[in-house]
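Indexing begins at 1, ligand by ligand and atom by atom, following the structure's order.
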Amino acid sequence: MGRMEGKVALVSGAASGLGAAIAKLLAQEGAAVLVADIAEQSGRKIVDDITTQGHRASYVYLDVTREEDWSAAMETVKARYGKLNVLINNAGVAPPGDMEMSFELWRRVHTINLDSTFLGTQQAIRLMRQSGERCSIVNISSVMAMVAQSTTVAYSASKAGVRGLTKAAAMYCAAEKLPIRVNSVHPGTCITPLVQAYYDNQPPEVLQTQIDRHPIGHLGDASDIAYGVLYLASDESKFVLGSELVIDGGLLASD
Ligand code: NAD
């Protein structure tokens, strides 16, 4: 308890899956958490879950693809809590698509996964630099930034973009002598609504094949990722900058 005491954190896509688990864990460790999502009803439910446990959280509507929504969310953070210490760029989508996918879908995936991470990181740095406090931005990428399948064309490209953007933003903060660290997290497959919806529409052997790709013998759960994010968000990782935290049950290590 208390690893995030005194911190204010905004988690995008926090109404579901990994984002919800991250928001709950950061709040449990003492942060005041902005649960940011387009899904208002589920977002407010996560806030209720957190506050009924005696921790601090509130909901803010945020469509991560809209620059004006990011500006409004930053104003809300400032008005409610006076500062921002932590941004978790987590909102994302993973529709399958091979090289015959439409250009429209390619662009939609990049807008939600990559453009949003640029917008959020840019605006967070502007607000974070005002406080002069230690700050951390964590971008949720994927192992699919480093490897790919035939149906992850736009997803892999967008998550590889997040990986590169993270390092450039980290170098920018260092060059500007800002106490802001930027790092990426690369999950393997974890059971969340996004993943469940995909496998529900596939024959059972497709899920088994995916489990087999993880040498540890099973898929992850949201808490596996949330604990890694907690480390990067807290000052415990104060020497970690522009790095990649892989949490994947051995997927990338296997031949
Ligand atoms: P999820 O579908 O359970 O949750 C995603 C959340 O993002 C939802 O609450 C949704 O409303 C929100 N969202 C979608 N578009 C948005 C927008 N435009 N603005 C604001 N919010 C929006 O997904 P998840 O599995 O928890 O994935 C979270 C992140 O982790 C994604 O970036 C995903 O690519 C990444 N990831 C997940 C896995 C996994 O196995 N679950 C693996 C690697 C990476």
*Side chains of M146 and E244 in contact at under 4.5 Å (non-hydrogen atoms)*: yes

*Who gets closest to atom 35 (C) of ligand 1 by heavy atom: V11, I140, V93?*
I140

*asked:* I'd like the name of whichever of G92, S12, G43 reaches closest to atom 5 (C) of ligand 1 through any heavy atom.
replied: G92

*From atom 25 (O) of ligand 1, work out which of T192, I112, D248 has a heavy atom at the shortest distance.*
T192

*From atom 39 (C) of ligand 1, work out which of I247, D224, V195 has a heavy atom at the shortest distance.*
V195

*asked:* Heavy atom to atom 15 (N) of ligand 1, shortest distance: which of D37, I38, I22 holds it?
replied: I38

_Regarding ligand 1, does Y155 bring an N or O atom to under 3.5 Å of one of the ligand's N or O atoms?_
yes

*Do the charged groups of R108 and E104 touch, with an N to O distance under 4.0 Å?*
no

_Whether the Q210 and T189 side chains hold a donor-acceptor pair (N or O, under 3.5 Å, no angle test) is what I'd like checked._
yes

*Which distance, rounded to the nearest 0.5 Å, do you find between the OG1 of T166 and the CE of M171?*
10.5 Å

*Could you pull out, from S16, S116, G188, the option with a heavy atom nearest to atom 38 (C) of ligand 1?*
G188

*Show which atoms of ligand 1 fall inside a sub-4.0 Å distance from at least one heavy-atom site of P187.*
42 (C), 43 (C), 44 (C)

